[in-house]
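All remarks here apply to the structure that follows.
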Amino acid sequence: MFNKVLVANRGAVAARVLRALDEMGIRSVAVYSEADYGAPYLEMASETYAIGPAPARESYLNQEVLIDVMRKSQADGLHPGYGFLSENAAFAQKVADLGARFIGPSPKWIDAMGHKTRARELAAQYGMPMSRGSGVLPMDNDAILAAARAIGFPVLVKPAGGGGGIGMLPAQDEAQLLEAVERSRSMASRGFGSTEVYLERLIERPRHVEFQVLGDQHGGAVHLFERDCSTQRRNQKVIEEAPGPALARAEVDAMAERIAGIMQKMGYDNIGTVEMLRGADGSFSFLEMNTRLQVEHGVTEEVTGVDLVRAQVRSAAGEKLAAILPAPIQVKGHAIQARVYAEDPKNFFPSPGKLAVFRPPQDAAVRIETGYAEGRDVTPHYDPMIAKVIVHAATREAAIDNLIYALEQFEIQGVKNNIPAVLAILRSEPFRAGRVHTGLIPEVLARKK
């Protein structure tokens with residue numbers, strides 16, 4: 001087991017990992033930029049180090065500074081959290097070269113799944129269901145049009161070098177396609193440092209269903225069921241729940257087993273999430289794989305009783321899944337998470353500023369994950385998510401009601417926030433009926449205008 005772990009992240013992400021390390025009796029190291037000086041999560045660590053100015057590229061993305069902290073602190077493990085360098089294979093290799101362990105998949109898996117077209121090719125070799133798609137598009141317009149015709153319109157243009165919804169643009173016909181490719185390349189260059197894009201068949205009004213997986217270093221791999229992440233704005237998740245509503249259990253369980261079998265054949269060796277789209281016909285198709293802990297991991301923890309951070313750490317330390325996980329893993333009740341963002345609920349633009357009032361609901365039945373406190377600044381340098389609110393109940397209906405009540409009690413002043421929009425979604429008839437899809441939020445909010 002680890003003696004000391006550096007948490008290479010900030011805010012709520014760092015707090016979540018630091019809590020697990022403390023519960024495991026592992027000493028911890030936290031880092032902070034100038035913008036995060038005095039942040040609440042720093043009090044949870046055994047020791048702390050300043051790593052530079054507020055811009056992420058000069059602090060949380062500065063690999064050499066983080067490696068230097070590893071040396072100074074003599075940490076024998078590094079947990080990347082999610083975001084920042086959590087899916088950077090070169091950084092994971094640098095940690096290994098230092099003689100420490102990266103708490104996540106091996107660099108080879110991060111690299112294999114990080115490039116979206118190569119990940120599709122690899123997953124398809126192992127029998128993962130796929131929608132029609134292309135390889136990386138050439139610069140020739142005629143070849144781009146030919147690739148789209150082979151797939152069939154409508155298509156989705158996607159960056160090959162990264163995910164998170166950045167640069168994903170639909171094209172209904174040839175007239176839209178070339179413009180979408182040019183815009184996607186520009187966004188991909190800014191977001192991922194690569195202009196490579198590819199095409200997928202556009203699935204209209206899909207469900208976004210993802211499967212939590214965990215592997216070990218001994219050839220074992222399992223799934224911990226699914227999460228539904230369909231309720232999104234601009235391809236960014238807002239509400240996540242487990243289990244997925246209005247899904248045929250036999251079909252989704254069969255897909256989960258199929259994915260776990262593929263992960264075992266591949267030799268996948270730590271935590272990961274296989275993201276799938278489910279069409280109106282009930283078919284699943286591979287979207288991408290995230291080789292890290294997910295923002296929404298808490299809903300899986302609530303319904304399975306498995307602490308995924310602790311499981312991830314134990315797997316990275318060399319333990320077998322049989323010793324880490326209960327047998328059998330079962331789902332009990334229903335859990336829903338809402339992401340609370342400092343953003344305008346009308347257009348979802350970020351709303352940085354000082355949290356003049358920040359009072360999450362004080363209820364033991366409500367799980368709050370946050371890196372903020374009253375009086376702290378929400379800066380424009382980082383993601384505007386300021387809290388996650390997670391509830392668990394015996395039924396989905398009760399979980400929705402409990403989440404509505406919790407969000408109503410959440411007091412925030414000083415910045416705009418998305419709670420009014422989230423409440424509108426939770427109260428809407430389609431959501432309560434489980435008729436969720438990736439276009440639900442704009443549809444519901446359009447009706448309110």
Fill in: Any donor-acceptor pair under 3.5 Å from Asn9 side chain to Pro80 backbone
yes
Fill in: Ring-face cation of Arg359 near Phe410 (centre distance under 6.0 Å, axis angle within 45°)
no
Worksheet item: Short question: side chain of Ser315, backbone of Gly215 - any donor-acceptor pair under 3.5 Å?
Response: yes
Worksheet entry | Lys332 and Glu302: CA distance, side-chain angles, deciding distance, salt bridge (charged side-chain N to carboxylate O under 4.0 Å, His left out) verdict | CA-CA 8 Å; Lys332 296 182 180 179; Glu302 292 296 320; over 6 Å; no
Worksheet item: Val299 versus Ile336: any side-chain heavy-atom pair under 4.5 Å?
Response: no
Discussion item. For a 4.5 angstrom cut-off between non-hydrogen side-chain atoms, does Ile368 reach Val389?
Written reply: yes
Worksheet item: Considering all heavy atoms of both residues, which atom of Ile110 and which atom of Ala89 are nearest to each other, and what is their separation?
Response: CG2-N, 3.6 Å
Worksheet item: Hey, is CD on Glu43 packed in by over 12 heavy atoms from elsewhere, all under 6.0 Å?
Response: no
Worksheet item: Would you say Ile386 and Tyr341 make side-chain contact, with heavy atoms under 4.5 Å?
Response: no
Discussion item. If you apply the rule side-chain contact (heavy atoms from CB on, under 4.5 Å), what do you find for Val17 with His79, and how did you get there?
Written reply: CA-CA 8 Å; Val17 177; His79 196 300; 3.6 Å; yes
Discussion item. What's the separation between atom CG in Leu169 and atom OG in Ser184, rounded to the nearest 0.5 Å?
Written reply: 5.0 Å
Worksheet item: Hey, what do you get for OH (Tyr32) to OH (Tyr37), rounding to the nearest 0.5 Å?
Response: 6.5 Å
Worksheet, complete the sentence: Of all heavy-atom pairs linking Ala342 and Val415, the shortest is CB-CG2, 4.0 Å
Discussion item. Please check: side-chain N/O of Ser106 versus main-chain N/O of Lys108, any donor-acceptor pairing under 3.5 Å?
Written reply: no
Worksheet item: Under the 3.5 angstrom rule, does the side chain of Gln212 hit a backbone N or O of Gly272 as a donor-acceptor pair?
Response: yes
Discussion item. Looking at Glu200 and Lys116, is there a salt bridge between them, counting it only when a charged N and a carboxylate O are closer than 4.0 Å?
Written reply: no
Worksheet item: So, the side chain of Glu87 versus the backbone of Thr291: is there a donor-acceptor pair under 3.5 Å, distance only?
Response: yes
Worksheet item: Do Gln294 and Arg292 have side-chain N/O donor and acceptor atoms under 3.5 Å apart?
Response: yes
Item to complete: For the pair Ser59 (side chain) and Pro53 (backbone), establish whether a donor and an acceptor sit closer than 3.5 Å, ignoring hydrogens and angles.
Response: yes
Worksheet entry | Point-to-point distance, once rounded to the nearest 0.5 Å, from NE2 of His392 to CG of Leu403 | 13.5 Å
Fill in: Shortest non-hydrogen separation from Lys388 to Met385 and the atoms involved
CG-SD, 3.9 Å
Worksheet item: Distance from Leu355 atom CG to Tyr372 atom OH, nearest 0.5 Å?
Response: 7.5 Å
Worksheet item: Got Lys72 and Tyr49 here, is their nearest side-chain heavy-atom distance under 4.5 Å?
Response: yes
Worksheet item: Would you call Glu210-Lys237 a salt bridge at under 4.0 Å N-O?
Response: yes
Discussion item. Whether Glu343 and Arg233 form a salt bridge (side-chain N of Lys/Arg under 4.0 Å from carboxylate O of Asp/Glu) is what I want to check.
Written reply: yes
Worksheet item: So, Glu288 and Lys158, do they make that salt bridge, N to O below 4.0 Å?
Response: no
Worksheet entry | Non-hydrogen atoms of Ala75 and Leu6 that approach each other most closely | CB-N, 4.0 Å
Item to complete: For Ser351 and Asp344, indicate whether the former's side chain and the latter's backbone hold a donor-acceptor pair under 3.5 Å.
Response: no
Worksheet item: Looking only at side chains, do Gln337 and Glu296 share a donor and an acceptor under 3.5 Å apart?
Response: no
Worksheet item: Is any NZ, NE, NH1 or NH2 atom of the basic residue among Glu226 and Arg249 found under 4.0 Å from an Asp or Glu carboxylate oxygen of the other?
Response: yes
Discussion item. To the nearest 0.5 Å, what is the distance between OG1 on Thr231 and CZ on Arg339?
Written reply: 11.5 Å
Worksheet entry | Salt-bridge present (Glu47, Arg27; N to O < 4.0 Å) | yes
Worksheet entry | Straight-line distance of Met1 CE to Arg314 CZ, nearest 0.5 Å | 6.5 Å
Worksheet item: Is any side-chain heavy atom of Ile329 less than 4.5 Å from a side-chain heavy atom of Phe225?
Response: yes
Item to complete: Go through Met70 and Leu78 one step at a time and tell me if the side-chain contact (heavy atoms from CB on, under 4.5 Å) criterion holds.
Response: CA-CA 8 Å; Met70 288 284 291; Leu78 180 142; 3.8 Å; yes
Worksheet item: Is Glu397 paired with Arg432 through a side-chain N to carboxylate O contact shorter than 4.0 Å?
Response: no
Worksheet item: Does a donor on one side chain sit under 3.5 Å from an acceptor on the other, for Glu374 and Gln413?
Response: no
Discussion item. Does this structure show an ion pair linking Lys320 with Asp216, if we count only N-O contacts that are shorter than 4.0 Å?
Written reply: no
Worksheet item: Should Val209 and Leu277 count as side-chain neighbours, where that means a heavy-atom distance under 4.5 Å?
Response: no
Item to complete: Check the angle between the aromatic planes of Tyr60 and Tyr382 and answer parallel, tilted or perpendicular using the 30° and 60° thresholds.
Response: perpendicular
Item to complete: Check whether any side-chain heavy atom of Val31 sits under 4.5 Å from a side-chain heavy atom of Val7, and report yes or no.
Response: no
Worksheet item: Would you call Glu23 and Arg310 a salt bridge, taking side-chain N to carboxylate O under 4.0 Å as the test?
Response: yes
Item to complete: Could you tell me which non-hydrogen atom of Ala35 sits nearest to which non-hydrogen atom of Thr379, and how far apart they are?
Response: CB-CG2, 4.2 Å
Item to complete: Answer yes or no: is there a donor N or O on one side and an acceptor on the other, between the side chain of Asn270 and the main chain of Ile103, under 3.5 Å?
Response: no
Practice prompt. State plainly whether the residues Asp76 and Lys4 are in salt-bridge range, i.e. N to O under 4.0 Å.
Written response: no
Discussion item. Is the shortest side-chain heavy-atom distance between Asp97 and Gln93 below 4.5 Å?
Written reply: yes
Worksheet item: So, are Arg16 and Asp307 salt-bridged, with charged N and O less than 4.0 Å apart?
Response: yes
Response to the item:
When every non-hydrogen atom of Leu247 is compared with those of Arg207, the smallest separation belongs to CG-NH2, 3.5 Å
Discussion item. Quick check against the 3.5 Å criterion: does Gln330 have a side-chain atom that pairs as donor or acceptor with the backbone of Pro328?
Written reply: no
Practice prompt. Take Asp22 and Leu18, measure what side-chain contact (heavy atoms from CB on, under 4.5 Å) needs, and give me the verdict at the end.
Written response: CA-CA 6 Å; Asp22 180 64; Leu18 289 166; over 6 Å; no
Worksheet item: Do Asp281 side-chain atoms and Ser283 backbone N/O form a donor-acceptor pair below 3.5 Å?
Response: yes
Practice prompt. Apply side-chain contact (heavy atoms from CB on, under 4.5 Å) to Trp109 and Met266, showing your working.
Written response: CA-CA 10 Å; Trp109 291 121; Met266 290 172 63; 3.5 Å; yes
Discussion item. Within the supplied structure, the quantity of interest is the number of heavy atoms (other residues, nucleotides, ligands) at a distance under 6.0 Å from Gln63 CD; does it exceed 12?
Written reply: yes
Worksheet item: Is the closest side-chain donor-acceptor distance between Asp228 and Ser230 under 3.5 Å?
Response: yes
Worksheet item: Going by atom types alone, do Glu275 and Asn290 pair a side-chain donor with an acceptor below 3.5 Å?
Response: yes
Worksheet item: Sequence neighbours excluded, which residues qualify as side-chain contact (heavy atoms from CB on, under 4.5 Å) partners of Ala433?
Response: Glu429, Arg435
Item to complete: Consider only side-chain N and O atoms of Arg227 and Thr300, and report whether a donor and an acceptor are under 3.5 Å apart.
Response: yes
